[in-house]
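First up is the structure itself, then whatever we jot down about it.
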Amino acid sequence: MINLTVNGKLHQVDVTPDTPLLYVLRNELQMNAAKFGCGMGQCGACTVIVGDRTVFSCLYPIASVGDRDVRTVEGLGTAESPGPLQQAFIDHQAVQCGYCIAGMIMRAQALLEEIAQPTEAQIRAHMNPNLCRCGTHMRILAAIRSAAASGRITPRQKVQGA
Amino acid sequence: MKLPDESVDESRRSFLRTGVLVVSFALFAPSRLFAKKDTLGTEILAPNLPGSLKSNPMLDAWIRIDAQGISVYSGKVELGTGVRTALWQIAADQLAVPLQAVHFVTADTGLTPNEGYTAGSHTMADGGTAIYNASAQVRKMLLDAAAKKLGTSAERLSLKDGTIVAQDGRTLTYAQAVEGINLHRYADPVSPPSDPARYRYIGKSIPRVDIPAKVTGGPAYVQDMRLPGMLHARVVRPPSRGAVLEEADIDGTRRMPGVVAVVRDGNYLAVAASSEWQAILAMRDLQQSAKWHPTRTWFTPDELHQVLKELPHQDFLDADQPMVVDATGPRVKATTTKQYLQHGSIGPSCAIAHLDGDTLTVWTHTQGVFPLRAGLAGMLDMPIEKVRCIHVEGAGCYGHNGADDAAADAALIAAHVPGRPVRVQWMRDQEQMWEPFGAAMVTELDASLDSSGRLANWRYELWSTAHNERITNPGRLMPTWLLAKPMVPAPSVPIPQPEGDADRNAIPPYRIPGLKVTMHFVTQMPFRTSAQRSLGAHVNVVAMESAMDEFAAAAGKDATDFRLQHLEDPRAKAVIALARDQFDWAARLRNLPRGSGVGFAFSRYKNIMGYCAVAMELHFDEETREVRFPHIVAVADCGQVVNPDGLRNQLEGGIVQSISWTLHEEVLFDKDGVKSVDWATYPILRFNQVPAVIETFLIDQPGDSFLGAAEIAQAPTAAALVNAMARATGVRSHRLPLMRYPPFAG
């Protein structure tokens, strides 16, 4: 059994240590947000935050998580009570098929926790690893800008040694 | 409301029909003319009815009302374009009820009407029109029935939030009103009028119903379904099409932890395991031990366009007006080429199948549950009524991708583990190697102005494989090629004009006296190709709108003026004029920084659907070879707008997607087959490359027909981009993708 903390909640999962975090989240914990896109860290659909860093969960063995908290879109809010970025994505209707969006939101979350008021160039550079095929980029950028402007995302303290 | 067909210029349409007729007989391709099925694969039962009522004429196929409430059924599916919300808006307004009072059900062979495929920007025009009319007719029936029950006249009744209210205050619910009346009846060709001024939803930017779950981790996709006892499956594909399996250690893989079944049927290989990671490890193990013998070699990308011209083909003469004598003005001759494209879904295809007794249920992100059902039933030799296909969303597909094939995989594997639901998830490389590609094309234009600077003669030829290899027989499902008894795809048949296939938008919308347009429809496919957004329009509009720019310059005319002078349709002219003005075309053209260019293009999708004009400014950096887009303006007229924000979202997406296609995308291959197997070998546009600003403007036509939107911006965007690159650099290139070939490649 491996201990795994996700969105502040401790779980024990019975998987081999090489199992990528993505499959533990999706299957053992039955969570939907992180998506399988490429399995190679090329598209970002599986992006989650471990500690204070974004990782491609499709490549990230569960053994590497250790006691750090894994954060996913499920931890940011609910459909009834969305978090600031989720609300901004709803306000801007920044979704077409939406398959990439949970990964987009987690990468943006990591940015706004690091830099509360990023420049346009910083946003674009930071979001570059994540792919969207529907061409929703303009709205995704607008949603991130307005979440930043709302000032509702508080900077996260750096975890020592992370 | 006008029917979509009324917007066709009848003189032109009959001309087109004649044009095809003559050639069809000459070249023995009559299936194109006499097809009783529409272009989305449904049988036309009632040609006089509006929209998809033509193929599903009974009202209760669409609307059922009982004590449980109001249910509206659509055979169309949500592909990420927002149509679920838009169709729902139409139903609620026409039934005069709040949105939440409608239980809205989409694409399920067990429940909904058969609307063929959700494709070709047809959903609002066909499905939206059907729901618009069926709902209006049911509303009238309810009012008439209520009037009888209340002993009054329908005119004295009003509708309030799903309740029928008489002037004396008595009320009836819809369920009470519907008692004793039978909705199982033919729809009427003409519906009671609807007053656009009374709409609560149509024309309003109602937030999409699917978005809250998608941004909060709710179950939203077929990938998110978890059925009791479900197995996880993976397929193992050959390294190239036609490769033969020599050996594989089936027993070794079978002994791995969690593995429940290893399937081998000829060259078909798959594994099923208890957990997903175990299935992946088993897939890798089987990939390691499988030895394949390739049987085919391919030509190289350099040879592609010559090969296309030499392969067997059928010719279709789409237009044949005699050339005129006064064609003494400037002449444009241009060849335009396009490589194969991938749909490139962000989520590789996925499906779940469950063989329970003699019944097969398949959950799939297909674009067409009914054609898929027929294909699967044929593949497994099952009675069609024993197969049920239920649509559940997947990642965006942009046309015919691996969705149907993954459903076939799930069904094939499920047949080996009866009683257990099987979830198949394709891997990234499998999606990119085995999805049907967007067709490579080559076109040749030779056109001239007359002595007064007007378009005189226009000869256009194009060569392409099919853009519509949909599931018309089991052999169109790729996994069946691998079976011990392989199945054979039905022969390719192009979608007829005026919609067109590779020849979509090959006929210019402009007034040209001498006109000859020929499609050389290549019938042998080196790589499987099928529908990708806009089909041939992407290339045809590049060829046409680039020539319009060259002619305008040669005639000393402004590019927008020259187009306007050759158009009569007031809606086309209005779209062009608004794009020109909102972009501030003349001022931007005068004040271009060095290395910058502006480009303009127009097309009316399929010449019968949505109008779209795109104006853009770009900057080309000669050292870094990067293209930046400071400003893009798009204007669309899609008839009556149902959801303005949803329409804008589609235009923005179409523009970004087309920039990616036109600048960067091509399938890499060599003599051994496909080499674009991931995002490194098939790069698409990223955040640092997308435009700075995209502005969209809509021209609404309340009360007019719905014309659809998801595919209308791609072609004019590509053409505006080619034109802007020509202004920025002084060099005009028609070799797509632009950044991979001289003169723009590094």
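Letters A, B, ... mirror the listed sequences (proteins, then strands); counts begin at 1.
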Of A:Asn128, A:Thr136, A:Thr78, A:Val95, the largest count of non-hydrogen pairs under 4.5 angstrom with chain B goes to A:Asn128

Among B:Gln425, B:Gln689, B:Gln278, which residue forms the greatest number of heavy-atom pairs with chain A at distances under 4.5 Å? B:Gln425

Begin from the C-alpha positions of A:Arg107 and A:Asn130 and carry the test side chain to side chain donor-acceptor pair (under 3.5 Å) through to its verdict. CA-CA 8 Å; A:Arg107 187 165 301 282; A:Asn130 285 40; 2.4 Å; yes

Tell me, for A:Met40 versus chain B, whether the close heavy atoms (under 4.5 Å) come from the side chain, the backbone, both or neither. side chain

Is A:Ala125 in contact with chain B via its backbone, its side chain, both, or neither, using a 4.5 Å heavy-atom distance? neither

Looking at A:Glu114 and A:Arg53, is there a salt bridge between them, counting it only when a charged N and a carboxylate O are closer than 4.0 Å? no

Could you walk me through whether A:Val48 and A:Thr54 satisfy the side-chain contact (heavy atoms from CB on, under 4.5 Å) test, starting with their C-alpha distance in whole Å, then the side-chain angles of each, then the deciding distance to 0.1 Å, before giving a yes or no? CA-CA 6 Å; A:Val48 300; A:Thr54 52; over 6 Å; no

B:Glu695 and B:Arg648 ion-paired at < 4.0 Å: no

Any idea which of B:Asn649, B:Val656, B:Val215 has the most non-hydrogen atom pairs under 4.5 angstrom with chain A? B:Asn649

As an exercise: rank B:His232, B:Glu276, B:Gln650 by heavy-atom pairs under 4.5 Å with chain A and give me the winner. B:Glu276

Look at B:Glu78, B:Lys214, B:Arg226, B:Glu431 and state which one has the largest set of heavy-atom pairs under 4.5 Å with chain A. B:Arg226

Contact leader toward chain B among A:Gln30, A:Lys35, A:Glu80, where contacts are heavy-atom pairs under 4.5 Å: A:Gln30

Turns out that what part of A:Thr72 lies under 4.5 Å from chain B's heavy atoms comes down to neither

With ring centroids as reference points, do B:Tyr398 and B:His343 lie under 6.0 angstrom apart? no

For B:Pro257, is it the side chain, the backbone, both, or neither that has a heavy atom closer than 4.5 Å to a heavy atom of chain A? neither

Top contributor to chain A interface from B:Pro219, B:Pro212, B:Ser205, B:Gly396 [non-hydrogen pairs under 4.5 Å]: B:Pro219

Given heavy-atom pairs under 4.5 angstrom as the criterion, report whether the side chain, backbone, both or neither of B:Ser275 touches chain A. neither

Under a 4.0 Å N-O cut-off, is there an ion pair linking B:Asp224 with A:Arg26? yes

Is B:Asp645 paired with B:Lys204 through a side-chain N to carboxylate O contact shorter than 4.0 Å? no

Say whether A:Asn7 and A:Glu74, considering side chains only, have a donor N or O and an acceptor N or O under 3.5 Å apart. no

Could you please spell out the steps behind the side-chain contact (heavy atoms from CB on, under 4.5 Å) verdict for B:Val667 and B:Leu341? CA-CA 6 Å; B:Val667 176; B:Leu341 296 185; 5.6 Å; no

Measure A:Leu85 against the heavy atoms of chain B and call it side chain, backbone, both or neither at under 4.5 Å. neither

Is it the side chain or the backbone of B:Leu79 that comes within 4.5 Å of chain A heavy atoms, both, or neither? backbone

Select, from A:Asn27, A:Asp91, A:Ile101, A:Ile90, the one with the greatest count of heavy-atom pairs under 4.5 Å involving chain B. A:Asn27

Short side-chain donor-acceptor distance under 3.5 Å, B:Thr118 and B:Gln367: no

Picking from A:Glu120, A:Arg133, A:Gln93, A:Gln87, which has the most non-hydrogen pairs under 4.5 angstrom with chain B? A:Arg133

Plane angle bin for B:His538 and B:Trp661 - parallel if under 30°, tilted between 30 and 60°, otherwise perpendicular: perpendicular

Do you see a donor-acceptor pair shorter than 3.5 Å between the side chains of A:Thr16 and A:Thr19? yes

Residues of residues 679-686 of chain B contacting chain A, heavy-atom criterion under 4.5 Å, by residue number: B:Trp679, B:Ala680, B:Tyr682, B:Ile684, B:Leu685, B:Arg686

Is there a side chain to side chain donor-acceptor pair (under 3.5 Å) between B:Gln432 and B:Asp678? Walk through the geometry before answering. CA-CA 7 Å; B:Gln432 293 193 216; B:Asp678 58 17; 5.7 Å; no

For side-chain contact (heavy atoms from CB on, under 4.5 Å), just list the numbers for A:Thr5 and A:Val65, CA-CA rounded to whole Å, side-chain angles, deciding distance to a tenth of an Å, and then say yes or no. CA-CA 9 Å; A:Thr5 309; A:Val65 176; over 6 Å; no

At a heavy-atom distance under 4.5 Å, which candidate from A:Pro82, A:Gly37, A:Ala33 has the highest pair count against chain B? A:Gly37

Test side chain to side chain donor-acceptor pair (under 3.5 Å) on B:His391 and B:Thr106; report intermediate values, then the result. CA-CA 7 Å; B:His391 179 263; B:Thr106 57; 4.9 Å; no

Considering only heavy atoms and a distance below 4.5 Å, find which of A:Leu22, A:Leu141, A:Leu131, A:Leu76 pairs most often with chain B. A:Leu131

Chain A heavy atoms under 4.5 Å from B:Gln430: which part of the residue, side chain, backbone, both or neither? neither

Portion of A:Tyr23 that has a non-hydrogen atom of chain B nearer than 4.5 angstrom: side chain

Quick one, B:Met283 with B:Met427, criterion side-chain contact (heavy atoms from CB on, under 4.5 Å). Give me CA distance, side-chain angles, the key distance, then yes/no. CA-CA 10 Å; B:Met283 172 195 76; B:Met427 305 305 282; 3.6 Å; yes

Looking at B:Gln657, B:Arg533, B:Gln223, which one has more heavy-atom pairs under 4.5 Å with chain A than the rest? B:Gln223

